[in-house]
Amino acid sequence: MVRSQYNCADLLLSHGHWKEAETACRAAMVAWEELAKSFPSRHEYRAHLGDSYVWQLPAILDATGRPQEAVTARRTALEIGKKLSVEVPG
């Protein structure tokens, strides 16, 4: 289901439906975060969350005139990536 929300956000993003894309993206991010908390040994959930912070959300924020929020999202992605690289080297 989470992957479907993520894919839906991508589709909406590609068609310029910013508000709907942001809603779908943020819903997917909440779900990835909940999965990551519930299953901490499943690193892919945090990786997917990081992907949302580095690609989808910033694209939406940039497109809707919120570049500072996009920068913050990318910084969050960097922090997620740093933690994962320590926990899952290689």
Side-chain angles (χ1 to χ4, degrees):
M1 176 151 163
V2 181
R3 178 57 74 181
S4 294
Q5 288 173 316
Y6 184 88
N7 291 341
C8 180
D10 263 348
L11 183 64
L12 291 163
L13 178 62
S14 69
H15 286 71
H17 298 282
W18 311 122
K19 184 178 179 181
E20 297 87 350
E22 184 172 356
T23 299
C25 176
R26 289 189 185 275
M29 292 169 74
V30 167
W32 288 130
E33 196 153 352
E34 288 174 1
L35 285 167
K37 286 179 184 176
S38 296
F39 304 97
S41 64
R42 301 285 304 266
H43 304 292
E44 66 269 22
Y45 297 139
R46 280 184 289 150
H48 289 305
L49 179 62
D51 285 346
S52 295
Y53 273 113
V54 78
W55 299 113
Q56 258 188 358
L57 185 59
I60 295 164
L61 295 171
D62 282 333
T64 56
R66 297 179 282 168
Q68 268 317 113
E69 290 179 59
V71 168
T72 300
R74 289 183 181 102
R75 287 186 179 140
T76 300
L78 183 60
E79 290 304 313
I80 292 169
K82 283 180 183 178
K83 288 177 185 175
L84 280 172
S85 69
V86 169
E87 294 175 26
V88 188

J.: Hey, what do you get for CD (Glu44) to NE2 (His48), rounding to the nearest 0.5 Å?
T.: 6.0 Å
J.: Testing the 3.5 Å rule here: is there a donor-acceptor pair between the side chains of Gln56 and Asp10?
T.: yes
J.: Of the non-hydrogen atoms in Pro58 and Ala73, which two are nearest, and what is the gap between them?
T.: CG-CB, 4.0 Å
J.: Are Ile80 and Ile60 connected into the same hydrophobic cluster when the rule is that any two of I, L, V, M, F, W, Y join if their side-chain heavy atoms are below 4.5 Å apart?
T.: no
J.: With a 4.5 Å limit on heavy-atom distance, are the side chains of His43 and Arg46 in contact?
T.: yes
J.: Under 4.0 Å between a Lys/Arg side-chain N and an Asp/Glu carboxylate O for Glu22 and Lys19?
T.: no
J.: Test side chain to side chain contact (heavy atoms under 4.5 Å, CB included) on Met29 and Cys25 and set out the steps.
T.: CA-CA 6 Å; Met29 292 169 74; Cys25 176; 3.6 Å; yes
J.: Checking side-chain contact (heavy atoms from CB on, under 4.5 Å) against Arg66, which of Thr72, Val71, Leu61 comes through?
T.: Leu61
J.: Give a yes or no on whether Trp32 and Leu13 share a hydrophobic cluster (residues Ile, Leu, Val, Met, Phe, Trp, Tyr; joining criterion: side-chain heavy atoms under 4.5 Å apart).
T.: no
J.: Is the number of heavy atoms from other residues, nucleotides or ligands under 6.0 Å of Trp55 CH2 greater than 12?
T.: no
J.: Linking I/L/V/M/F/W/Y whenever any side-chain heavy atoms sit under 4.5 Å apart, do Tyr53 and Val30 land together?
T.: no
J.: I'd like to know if Leu12 and Tyr6 are part of one continuous hydrophobic network [Ile/Leu/Val/Met/Phe/Trp/Tyr, side-chain heavy atoms within less than 4.5 Å].
T.: no
J.: Linking I/L/V/M/F/W/Y whenever their side-chain heavy atoms sit closer than 4.5 Å, directly or via other members, would Val54 and Leu84 fall into one cluster?
T.: no
